[in-house]
Participant: 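So that we are looking at the same thing, I have put the structure below in structure tokens.
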Amino acid sequence: MHKYYEQFETCREHHIPFCSDACPFHLDFLDIQQKLTQNKYNTAYKALRNALVFPEIVAALCPAYCEKSCVRKDIDAPVRINLLEKTILSKATRKKPNEYNVPAKKGRIAVIGAGLSGMGFAFRLASKKYDVTVYEKEGQIGGHLSILLPEEVYLEDFKLQFQFEEYTLKLNSEVEDIEELAKEGYDVIYVATGKGGKDFGLLDMENAQPCKMLGDTAVFAGGSLCGKDTIHALADGINVARASEVFLKTRTLEYPVPEAPSKVVANEDLLVKTPAIPATDADGTFTDEEAVSEAARCIRCQCDACRTNCDLVGFFDKWPRTMRDEIIITSKPSKSLVHKNPAMRYINACTQCDLFSETCPSNIDLCDMVKNARYKIHTLDKTPGAFRQYFLRDMEFANGEFAAISKAAPGREKSAFAYFPGCNLGALHPGYVYESYKWLLAKEPDTGLLLKCCSVPVDWNGEEERHLEEIKKLKQDWEGLGKPMLVMACMTCRKHIRQYLPEIPTVSLYEVMAESGFEKNTRTMKQKTFAIFDPCSARNEKNVQSAVRALAASADLSIEELPKNDRHGCCGFGGMGEIAAPAFTDYVAKKRSQLSDDPYLVYCSNCRDIFRDRGKEAVHILDVLFDIDPKNHMRQPTVTERRQNRVVLKERLLREIWGEEMKNKPEESPYRLILSDDIRQKADKLKLLDEDICDVIRHSEETGRRTFDPETGHYKAYKEIGHITCWVEYGSMDNSAEYEIFNVYTHRMRIELEAVFNGKKVDL
């Protein structure tokens, strides 16, 4: 897992916006903007002062480097950050700095030059309670500010910010010999003599930064002396103050170096044309409402492609580096009961849609890391069995004797083509597979059938060995059919087979139907306008997308496209999220459902399931083409009915296509269960089959391990079913084989049985 560390180092989550990057002080405008949207001028002023030191001076003189880099400049007009700063200064009512009783620090500091850079340097270290002395050859502080601003502006700002800071100011004190000054016991000297001032040899050193050691004294030069303009000169003083404090603490001499340019990637989908807001307040600044509106024009440039596009990152509210570290911790071997597995739920909830990897500007492959983590934690036997139990049992049934078919076309031993509808399509409704297969046979009689699960559940679960076994069986079935081209109805199956069995040629059912000129049914659906929903497994399948749209057009449907800024296509089904993190699946499904008020036209049975389960009207393209559910009234089948649908499908196909009778059928349930709609829905949410409930009742009746409530006449009983403990509250009907179910629930705890129950010795 540690191989992923290196790629995550390129993550841009900490890269600052373009405006902050262009600002000499790296002012956090996102913080300022957030405060402005609430008219919090006093806290905004404090943020300005913390970054700029002298906010009145900076606001008056800054040429707004930030605005020149604003991404809006090419759309309408940059956000007027400088005017927003002036608005803050105008409306803030608490500008007095806080007074802190902080003990003095060891370290003597000398500043040569009381211009803007020198005073900024002096303030930073004086506020940290170092002993600071400022030497100025003139009789006034401010340097060249006297020709840029009225004295009352800059002197008042100096006075305001320094009012609680102690420092020594020596006017009319020109320093002639810096070595003599160093001998006076200063630990740091900052040379800020201004443009054309004395540099004491600091600027004459070849291929060196303007700093050196004089004995035990660190000497730095900066500001206008080094060719900086006024605002960058102040920033120089602040940065050198930070380097000086590092020297005082570590005795390491390092001159501040420019930070690497930000590689933040702005979300261009947010760049909707919004003209700049005019300022109408009496002093030329914004009113409260105008300040909010102008600040809102900022699209908050951040590298958040992962949060915007990846549902997993957005829902669990974690940045990629944090997820990386938590995944590695979770993937470590440990037998300790207190070992934390912070990433267990989202590792198992990830839908493996690959959108994070596709949209990350740094090409970080979180999807692959999650997949490898699944394999790792399965090897360590750390994955909760309850997460995977339903999906693996469902796969086993789909590939078992009651549901699977691997047969060449009728009357043939081998086939050039074979229909691979996937395991869920027939479980949803037998007609989807039966009608589409009959159509394929009519178009191409040499079409066999390979009806089974593609084995993606074991891949989701991280079972490498078992997955390889299932893939091997699938390949053997394909070879037994004569190595046909597979006609795929499920895009998830197609994606999976392409990845693990690239030697198998595949084509989508919808491409075949569109190319064959599918004749629409004579009946038409009442609903005529649909928003088409492309599944994540078909996100990059342009031919398939075009084919589905052509088929919809042939059925006289009006198709609306979903917003392009949500290029996801994930309904939330993939992975094991429905059990590992059901709130996450609901979040994804709701997010996708809200993209359009129109009902969805889908061509993935999983998408249809997810949306219909959560109240979003969705129609499968096969509903339209084969008139399966013309009124869109088909009820969602329960987990038990899905199994029954597979059995019905196999029996019908064998009888009507091959003229064979199905030899083996599942045993009929020994009990008749009566469940209200609410209890049925709850059991379905818990992925409980009727046979599981019957199993609990049978165990209860045979062992007597149950409790009885005389007031309600209900029994409560439990039984371990695989990795879960299932509880059922039930009552006997007049017919001993008929039971009414009043409640069901499950948990992952195991119950230690005792040999004596209700005073009787029982079989454990």
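The model shown is predicted, which means the values in this text are computed figures rather than measured ones. Heavy atoms only: backbone and side chains are in, while hydrogens, waters and symmetry mates are out.
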Participant: Would you verify whether the NZ or CZ of R324 falls within 45 degrees of the ring axis of W319 while also being under 6.0 Å from that six-membered ring's centre?
Facilitator: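 No, R324 and W319 do not form such a contact.
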
Participant: Taking all heavy atoms of A122 and all of V134, pick out the closest pair and write down the distance.
Facilitator: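 In terms of heavy atoms, the two residues are closest at CB-CG2, 3.8 Å.
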
Participant: Just checking, any donor-acceptor pair under 3.5 angstrom between side chains of S146 and E151?
Facilitator: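 There is no such pair (donor and acceptor under 3.5 Å, judged by atom type) between the side chains of S146 and E151.
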
Participant: Between the side chains of D229 and Y65, is a donor N or O closer than 3.5 angstrom to an acceptor N or O?
Facilitator: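 Side chains of D229 and Y65: pair found under 3.5 Å.
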
Participant: So Y346 and F316, would you call those rings parallel, tilted or perpendicular, with 30° and 60° as cut-offs?
Facilitator: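 Rings of Y346 and F316: tilted, as their planes differ by 30° to 60°.
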
Participant: With a 4.5 Å limit on heavy-atom distance, are the side chains of K91 and D288 in contact?
Facilitator: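 Contact flag for K91/D288 side chains = yes.
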
Participant: Within the 4.5 Å heavy-atom criterion, are P55 and E85 side-chain neighbours or not?
Facilitator: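 No; the side chains remain at least 4.5 Å from each other.
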
Participant: Distance-only, no hydrogens or angles: does the K340 side chain make a donor-acceptor pair with backbone N or O of T330 under 3.5 Å?
Facilitator: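 No.
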
Participant: Going through the distances and angles, do D317 and R307 end up as a salt bridge (Lys or Arg N to Asp or Glu O under 4.0 Å)?
Facilitator: CA-CA 8 Å; D317 194 25; R307 288 188 165 228; 2.8 Å; yes

Participant: Are more than 12 heavy atoms from other residues, nucleotides or ligands located less than 6.0 Å from atom CG of D177?
Facilitator: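 Atom CG in D177 is packed in, count exceeds 12.
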
Participant: We want to know whether E136 and N172 form a side-chain donor-acceptor pair, criterion being a heavy-atom distance below 3.5 angstrom.
Facilitator: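 The answer is no; no qualifying pair exists.
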
Participant: Please confirm whether the backbone N or O of A291 pairs with a side-chain atom of S293, one donor and one acceptor, at under 3.5 Å?
Facilitator: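 It does not hold such a pair.
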
Participant: Has K591 got more than 12 heavy atoms of other residues, nucleotides or ligands less than 6.0 Å from its NZ?
Facilitator: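 Counting neighbours around NZ of K591, more than 12 heavy atoms of other residues, nucleotides or ligands fall under 6.0 Å, so yes.
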
Participant: Between R80 (side chain only) and I277 (backbone N and O only), is there a donor and an acceptor less than 3.5 Å apart?
Facilitator: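 Checking the backbone N and O of I277 against the side chain of R80, a donor-acceptor pair under 3.5 Å is found.
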
Participant: Should the heavy atoms of other residues, nucleotides or ligands under 6.0 Å from NZ of K46 be counted, would the total exceed 12?
Facilitator: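 Not buried by this count: 12 neighbours or fewer within 6.0 Å.
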
Participant: Answer yes when K198 and E174 have at least one side-chain N-carboxylate O distance shorter than 4.0 Å, and no when they do not.
Facilitator: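 Answer for the salt bridge query: yes.
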
Participant: Are T274 and R297 linked by a side-chain donor-acceptor pair shorter than 3.5 Å?
Facilitator: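 No pair is found: no donor N or O on one side chain lies under 3.5 Å from an acceptor on the other.
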
Participant: Any chance the side chains of D187 and Y130 put a donor and an acceptor closer than 3.5 Å?
Facilitator: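 No, Y130 and D187 have no side-chain donor paired with an acceptor closer than 3.5 Å.
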
Participant: Under the 3.5 angstrom rule, does the side chain of S262 hit a backbone N or O of D21 as a donor-acceptor pair?
Facilitator: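 No; zero donor-acceptor contacts below 3.5 Å.
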
Participant: Closest heavy-atom contact between A349 and A581?
Facilitator: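 Looking at all heavy atoms of both residues, the closest pair is CB-CB, 3.8 Å.
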
Participant: Do the charged groups of D354 and R539 touch, with an N to O distance under 4.0 Å?
Facilitator: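 A salt bridge is absent here (no side-chain N lies under 4.0 Å from a carboxylate O).
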
Participant: Could you tell me whether Q38 atom CD has more than 12 heavy atoms of other residues or ligands within 6.0 Å of it?
Facilitator: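 Enclosed: over 12 neighbouring heavy atoms sit under 6.0 Å from CD of Q38.
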
Participant: Distance from F29 atom CZ to L48 atom CG, nearest 0.5 Å?
Facilitator: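 Interatomic distance, F29 CZ to L48 CG, rounded to 0.5 Å: 10.0 Å.
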
Participant: Give a yes or no answer on whether the side chain of T217 reaches the backbone of Y186 with a donor-acceptor pair at less than 3.5 Å.
Facilitator: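 Flag set: sc T217 to bb Y186 pair under 3.5 Å.
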
Participant: Run the salt bridge (Lys or Arg N to Asp or Glu O under 4.0 Å) test on E56 and K95 for me, step by step, so that the C-alpha distance in whole Å, both residues' side-chain angles and the decisive distance to 0.1 Å come before the verdict.
Facilitator: CA-CA 11 Å; E56 298 279 356; K95 297 184 179 181; 2.9 Å; yes

Participant: When rounded to the nearest 0.5 angstrom, what is the spacing between NZ in K129 and NZ in K105?
Facilitator: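 NZ of K105 is found 9.0 Å from NZ of K129.
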
Participant: Rounded to the nearest 0.5 Å, how far does OG1 of T87 lie from CD1 of I81?
Facilitator: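 Going from the CD1 atom of I81 to the OG1 atom of T87 covers 12.5 Å.
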
Participant: Is there a donor-acceptor pair under 3.5 Å between the side chain of T285 and the backbone N or O of D281?
Facilitator: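 No, the answer is negative, given that no donor and acceptor are paired below the 3.5 Å cut-off.
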
Participant: Show the numbers, then the answer: is there a side-chain hydrogen bond (donor to acceptor under 3.5 Å, both in side chains) between S90 and D283?
Facilitator: CA-CA 8 Å; S90 172; D283 61 355; 2.5 Å; yes

Participant: Could you check if a side-chain atom of E294 sits within less than 4.5 angstrom of a side-chain atom of L83, using non-hydrogen atoms only?
Facilitator: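 The answer is no, as the side chains (C-beta and beyond) never meet within the 4.5 Å cut-off.
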
Participant: Side chains of S20 and D28: any donor to acceptor distance under 3.5 Å?
Facilitator: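 D28 vs S20: no donor-acceptor pair found between side chains.
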
Participant: Between K128 and E245, is there a side-chain N and carboxylate O pair less than 4.0 Å apart?
Facilitator: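 Yes, K128 and E245 are salt-bridged.
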
Participant: Given side-chain hydrogen bond (donor to acceptor under 3.5 Å, both in side chains), test Y100 with S127 step by step and report yes or no.
Facilitator: CA-CA 9 Å; Y100 299 104; S127 65; over 6 Å; no

Participant: Using only heavy-atom distances, determine whether the side chains of H144 and S224 contain a donor-acceptor pair under 3.5 Å.
Facilitator: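 Side chains of H144 and S224: no pair found under 3.5 Å.
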
Participant: side-chain hydrogen bond (donor to acceptor under 3.5 Å, both in side chains) between S357 and D365: does it pass, once the steps are laid out?
Facilitator: CA-CA 5 Å; S357 306; D365 197 350; 2.5 Å; yes

Participant: For the atom pair SG (C298) and CD1 (I32), what is the distance rounded to the nearest 0.5 Å?
Facilitator: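 It comes to 11.5 Å.
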
Participant: Indicate the atoms forming the closest heavy-atom contact of A295 with T37, along with that distance.
Facilitator: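 In this case the closest contact between A295 and T37 is CB-CG2, 4.5 Å.
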
Participant: In Å, rounded to the nearest 0.5 Å, how long is the span from CG of L234 to CZ of F121?
Facilitator: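 It comes to 13.0 Å.
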
Participant: Has R321 got its NZ or CZ under 6.0 Å from the middle of the six-membered ring of F8, at an angle within 45 degrees of the ring axis?
Facilitator: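 No, R321 does not sit over the ring of F8.
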
Participant: Closest approach of T351 and F584, non-hydrogen atoms and distance?
Facilitator: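 Shortest heavy-atom separation between T351 and F584 comes out as CG2-CE2, 4.1 Å.
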
Participant: Do I189 and F200 have side chains that get closer than 4.5 Å, going by heavy atoms?
Facilitator: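 Result no, sub-4.5 Å side-chain heavy-atom pair not found.
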
Participant: Run the side-chain hydrogen bond (donor to acceptor under 3.5 Å, both in side chains) test on N341 and E326 for me, step by step, so that the C-alpha distance in whole Å, both residues' side-chain angles and the decisive distance to 0.1 Å come before the verdict.
Facilitator: CA-CA 7 Å; N341 298 304; E326 291 183 349; over 6 Å; no

Participant: With a 4.5 Å heavy-atom cut-off, do V191 and D199 have their side chains touching?
Facilitator: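 SC-SC contact between V191 and D199 ruled out.
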
Participant: Answer yes when E67 and R72 have at least one side-chain N-carboxylate O distance shorter than 4.0 Å, and no when they do not.
Facilitator: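 Salt bridge absent between E67 and R72.
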
Participant: Using side-chain heavy atoms (C-beta onward) and a distance below 4.5 Å, is V257 in contact with Q209?
Facilitator: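 The answer is yes; the side chains approach within 4.5 Å.
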
Participant: Would you say E561 has more than 12 foreign heavy atoms packed within less than 6.0 Å of its CD?
Facilitator: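 Yes.
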
Participant: Minimum heavy-atom separation for A47 to L27, with atom names?
Facilitator: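 Distance-wise, the nearest heavy atoms are O-CD1, 4.4 Å.
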
Participant: Between V264 and F18, is there a side-chain heavy-atom distance shorter than 4.5 Å?
Facilitator: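 When only atoms from C-beta onward are counted, V264 and F18 do touch, with a gap below 4.5 Å.
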
Participant: Under a 3.5 Å distance rule, please check whether S596 uses its side chain to pair with a backbone N or O of L562 as donor and acceptor.
Facilitator: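 Looks like no, no N/O pair under 3.5 Å.
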
Participant: Are there more than 12 heavy atoms of other residues, nucleotides or ligands under 6.0 Å from atom NZ of K212?
Facilitator: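 Result for NZ/K212: enclosed.
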
Participant: More than 12 heavy atoms of other residues, nucleotides or ligands under 6.0 Å from CZ of R94: is that the case?
Facilitator: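 No - once you tally the heavy atoms of other residues, nucleotides and ligands closer than 6.0 Å, there are 12 at most.
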
Participant: Regarding Y4 and D368, do their side chains bring together a donor and an acceptor under 3.5 Å, going by distance alone?
Facilitator: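 Present: a donor and an acceptor within the cut-off.
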
Participant: Looking only at heavy atoms, which two atoms of L225 and L203 are closest? And how far apart?
Facilitator: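 Distance-wise, the nearest heavy atoms are O-CD1, 3.5 Å.
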
Participant: Between F162 and F123, what is the ring plane arrangement, given parallel below 30°, perpendicular above 60°, and tilted in between?
Facilitator: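 Because their plane-to-plane angle is over 60°, the rings of F162 and F123 count as perpendicular.
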
Participant: Please assess Y190 against F220 for the test ring pair (Phe, Tyr, Trp, His ring centres under 6.0 Å), listing each intermediate value before the final yes or no.
Facilitator: CA-CA 5 Å; Y190 180 47; F220 297 88; 7.6 Å; no

Participant: Counting only heavy atoms not in K590, do more than 12 fall under 6.0 Å of its NZ?
Facilitator: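 No.
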
Participant: Using 0.5 Å steps for rounding, measure from the CG atom of D131 to the CG atom of L125.
Facilitator: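 Between D131 CG and L125 CG, I get 11.0 Å after rounding to 0.5 Å.
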
Participant: Can you find a pair of side-chain heavy atoms, one from I57 and one from L145, that are under 4.5 Å apart?
Facilitator: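 Yes; the side chains approach each other to less than 4.5 Å.
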
